[in-house]
Enquirer: 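Dumping the structure here so I can ask a few things about it.
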Amino acid sequence: MKTRASTDFSDPARRIVVALDVSEQEDLVRLVKTLRGAVGMFKVGKELFCSMGPDAVKIVQDHGGEVFLDLKFHDIPNTVAGAVRSSCKLGVSMFTVHASGGMAMMKAAVEEARSCAGGPMVIGVTVLTSLSEDDLDMLGLAGPAQSAVVRLGRMAMDCGLDGLVASPQELRALRAELGKAPFLVTPGIRPLNYAADDQQRIATPKKAVVDGADFLVIGRPITRAVDPLQAVDAIAEDLVQD
Ligand code: C5P
């Protein structure tokens, strides 16, 4: 049985969670074989899970990798508890739920995660970064996005979640409001001199960690590199620079 995600970052590369945004088994195996042991975890998201199902998780684990299952559960508490039970059986180390699913749903997810061997980390998604303030207004979440992020983040922590997904521009506000407790998992990371791709607001690995990130979710800068292992090494080196 796999265990909860490790937070021993004495090797800075253990902060890296490689986003496996692929749909073919061949690409998955190539990346995991190359990067296993060099990074902290591999993120299996909706694209890969809808293409390969739980086999994607098993393949990563069979090659010695740990899995962050990013399916962003959002349903009635009983259904989410069932999804968490099944995720626990798969031996994932971390998974996501939407904080906007409400307190009963988040508490059900935490209770189920704590009752299973290995007890994966439960991470809350606050406000999707793709939503503009007009979108939020239409959803009835008036006011600056940042206040909704902090409010939902606080709710998630009150429900006993282990941490939150936080974009680089949310890190400081979340740390200021919620202190050291939440593990913050941050996408939108781009090494210096790397293109932004479709990301709007980015930070370098170093800046994200200085601002409070614990785990760095990084996809294309690693997965599309000519030498993915070298890309990981360069990021880890950047992290230890003063
Ligand atoms: O390739 P790239 O480094 O942009 O991949 C980032 C990963 O983090 C993708 O899997 C993306 O879906 C995810 N993500 C994100 N922004 C968010 C939440 C998740 O980029 N706000």
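Residue numbers count from 1 along this sequence. Bear in mind the structure is a predicted one, so any value in this text is a computation, not a measurement. Just so you know, ligand 1 is whichever comes first in the structure, and atom 1 is the first atom listed for that ligand. Worth knowing before you read on, the calculation uses all heavy atoms, side chains too, and leaves out hydrogens, waters and symmetry mates.
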Enquirer: Quick check on Lys33: does its NZ atom have over 12 non-hydrogen neighbours (other residues, nucleotides or ligands) under 6.0 Å away?
Expert: no
Enquirer: Side chains of Ser6 and Asp8: do they bring a donor and an acceptor to under 3.5 Å?
Expert: no
Enquirer: So that I can tick it off, tell me whether Arg190 and Asp197 are bridged by a salt bridge, with the cut-off set at under 4.0 angstrom between side-chain N and carboxylate O.
Expert: yes
Enquirer: Indicate the atoms forming the closest heavy-atom contact of Glu112 with Ser115, along with that distance.
Expert: O-OG, 2.9 Å
Enquirer: Pairs under 3.5 angstrom, nitrogen or oxygen on both sides, ligand 1 versus protein: list them out, please.
Expert:
residue	atom	partner	partner atom	Å
ligand 1	1 (O)	Arg220	N	2.8
ligand 1	1 (O)	Arg220	NE	2.8
ligand 1	3 (O)	Arg190	NH1	3.0
ligand 1	3 (O)	Gly219	N	2.8
ligand 1	4 (O)	Arg190	NH2	2.8
ligand 1	4 (O)	Gln199	NE2	2.9
ligand 1	4 (O)	Arg220	NH2	2.8
ligand 1	10 (O)	Asp21	OD1	3.4
ligand 1	10 (O)	Asp21	OD2	2.8
ligand 1	10 (O)	Lys43	NZ	2.9
ligand 1	20 (O)	Gln199	NE2	2.8
ligand 1	21 (N)	Thr129	OG1	2.7

Enquirer: Flag yes if more than 12 heavy atoms outside Gln169 fall under 6.0 Å of its CD atom; otherwise flag no.
Expert: yes
Enquirer: Parallel, tilted or perpendicular, judged at 30° and 60°: which one describes the rings of Phe95 and Phe73?
Expert: tilted
